[in-house]
Amino acid sequence: MTSIVKETPSIKEAVTFINSIDENKFSRLISRIIQKLHLKGERTFSEEEEQKLQGALSLDKHALDLVLETSAFILEQAVYHNVKPASLQQQLEGVNLSPEKAQVFSQSWAAAGPELVDKLRRNIFAPKKLEYIGWQLNLEMAQSSQARLKSPSAVLQLGLRSEDSEVQENVFAEFNHKELLEFYNKLEIVQGQLDSLT
């Protein structure tokens, strides 16, 4: 299996800080991150809580931010790759995370992972959802500079709706033949990737 966590300079630095944290405090930290991971756009800790954490964990702001971001990244990768807890522990030890901290990740992932995966599946990552698709064909037959012109185009209407709004926003996109073909090919790629995930 390919590694979900590469040993980059940032990861190495974060591992050093994580290894210095008390195991019980780290366990509570990971539990909180897992609880909030599915809430996109919401901070795991308030600014006041982060200041308290800096004192409790003996980390400066940069170190704490790095620990929080790296821990969230590791858990997001575990979700994305649907990695088994034992494999997660082994991979984390492979980037020099202490066995105790790797076990905290592994145990937390084993306990809360399936629920987190389910929450993230139900979550809509995009702020808007496609509700309606309409289209029309246009054919330009002449311009003032050219008497004979045949320029077909397609106009797509995409009806988008925010989760928290009943009002539909209409987006119009005009394509010539070449642009529409490129758009279609990209959609085919997306469809193939979706099919491979199901």
Side-chain angles (χ1 to χ4, degrees), residues 1-45 49-50 53 57 59 63-131 160-164 183-198:
M1 177 182 190
T2 59
S3 178
I4 64 166
V5 182
K6 306 280 187 258
E7 198 171 2
T8 63
S10 177
I11 295 286
K12 283 182 184 177
E13 188 181 3
V15 163
T16 304
F17 294 134
I18 290 170
N19 284 340
S20 72
I21 299 172
D22 174 74
E23 192 177 327
N24 291 327
K25 291 177 183 175
F26 186 66
S27 180
R28 291 195 300 273
L29 185 77
I30 293 300
S31 293
R32 176 72 173 269
I33 291 171
I34 285 179
Q35 287 172 9
K36 298 275 190 162
L37 196 62
H38 70 286
L39 301 172
K40 287 290 176 200
E42 189 174 311
R43 292 174 56 140
T44 306
F45 297 95
E49 288 172 322
E50 284 187 12
L53 273 175
L57 303 177
L59 299 172
L64 179 64
D65 288 344
L66 192 58
V67 166
L68 295 176
E69 288 169 13
T70 302
S71 298
F73 172 76
I74 289 168
L75 293 165
E76 286 168 351
Q77 291 299 302
V79 168
Y80 181 77
H81 294 283
N82 200 16
V83 70
K84 302 271 185 253
S87 176
L88 178 62
Q89 183 172 348
Q90 181 183 5
Q91 290 188 42
L92 292 175
E93 288 176 14
V95 292
N96 298 315
L97 196 67
S98 72
E100 298 78 25
K101 302 302 185 323
Q103 188 171 14
V104 168
F105 268 109
S106 174
Q107 288 173 344
S108 300
W109 176 243
E115 183 183 349
L116 178 61
V117 169
D118 189 51
K119 283 179 182 174
L120 286 170
R121 273 194 190 131
R122 284 185 272 133
N123 218 359
I124 296 174
F125 287 105
K128 296 182 181 180
K129 186 176 178 185
L130 184 62
E131 293 282 325
L160 307 175
R161 180 166 296 148
S162 297
E163 247 184 66
D164 55 356
F183 182 66
Y184 172 79
N185 288 334
K186 284 191 172 115
L187 287 176
E188 282 289 306
I189 291 168
V190 170
Q191 181 66 49
Q193 289 175 345
L194 284 173
D195 290 343
S196 72
L197 293 173
T198 56

Which residues share a side chain to side chain donor-acceptor pair (under 3.5 Å) with [X], sequence neighbours left out:
X	result
Glu7	Asn96
Glu50	Arg43
Arg32	Glu49
Asn19	Ser98

Nearest 0.5 Å please: distance from the [atom1] atom of [X] over to the [atom2] atom of [Y].
X	Y	atom1	atom2	result
Ser108	Leu88	OG	CG	9.5 Å
Glu131	Leu160	CD	CG	9.0 Å
Leu57	Ile21	CG	CD1	5.0 Å
Ile4	Leu75	CD1	CG	8.5 Å

Quiz: residues 10-17 side-chain donor-acceptor pairs under 3.5 angstrom, not counting sequence neighbours:
{"from": "Glu13", "atom 1": "OE2", "to": "His62", "atom 2": "NE2", "distance (Å)": "3.0"}
{"from": "Thr16", "atom 1": "OG1", "to": "Lys12", "atom 2": "O", "distance (Å)": "3.0"}

State, with a plain yes or no, whether a side-chain heavy atom of [X] is found less than 4.5 Å away from one of [Y].
X	Y	result
Tyr184	Glu188	yes
Leu29	Val104	no
Leu66	Leu59	no

>> Against Thr70, only a single residue in Ile74, Leu68, Val67 fulfils side-chain contact (heavy atoms from CB on, under 4.5 Å); can you say which?
In response: Ile74
>> For a quick test of reading the model, state the closest non-hydrogen atom pair linking Trp109 to Ala78 and the distance between them.
In response: CZ2-O, 3.5 Å
> Which atoms form the tightest heavy-atom contact between Ala110 and Pro114, and what is the distance?
Replying inline: O-CD, 3.8 Å
> Excluding sequence neighbours, so at least two apart, what forms side-chain contact (heavy atoms from CB on, under 4.5 Å) with Ala72?
Replying inline: Ile33, Leu37
> Among Gln91, Lys84, Gln90, which residue meets the side-chain hydrogen bond (donor to acceptor under 3.5 Å, both in side chains) test with Ser87?
Replying inline: Gln91
>> Enumerate the salt bridge (Lys or Arg N to Asp or Glu O under 4.0 Å) contacts for residues 17-29, please, sequence neighbours excluded, ordered by first and then second residue.
In response: none
> Is there any salt bridge (Lys or Arg N to Asp or Glu O under 4.0 Å) pair reaching into residues 89-113, and which pairs are they, with sequence neighbours excluded?
Replying inline: none
> Is it true that Phe105 and Phe26 have ring centroids separated by less than 6.0 Å?
Replying inline: yes
> Got a sec, which residues hit ring pair (Phe, Tyr, Trp, His ring centres under 6.0 Å) with Phe183, two or more places apart in sequence or on another chain?
Replying inline: Phe175
>> Checking Glu69 now: which residues fulfil salt bridge (charged side-chain N to carboxylate O under 4.0 Å, His left out) with it, not counting sequence neighbours?
In response: none
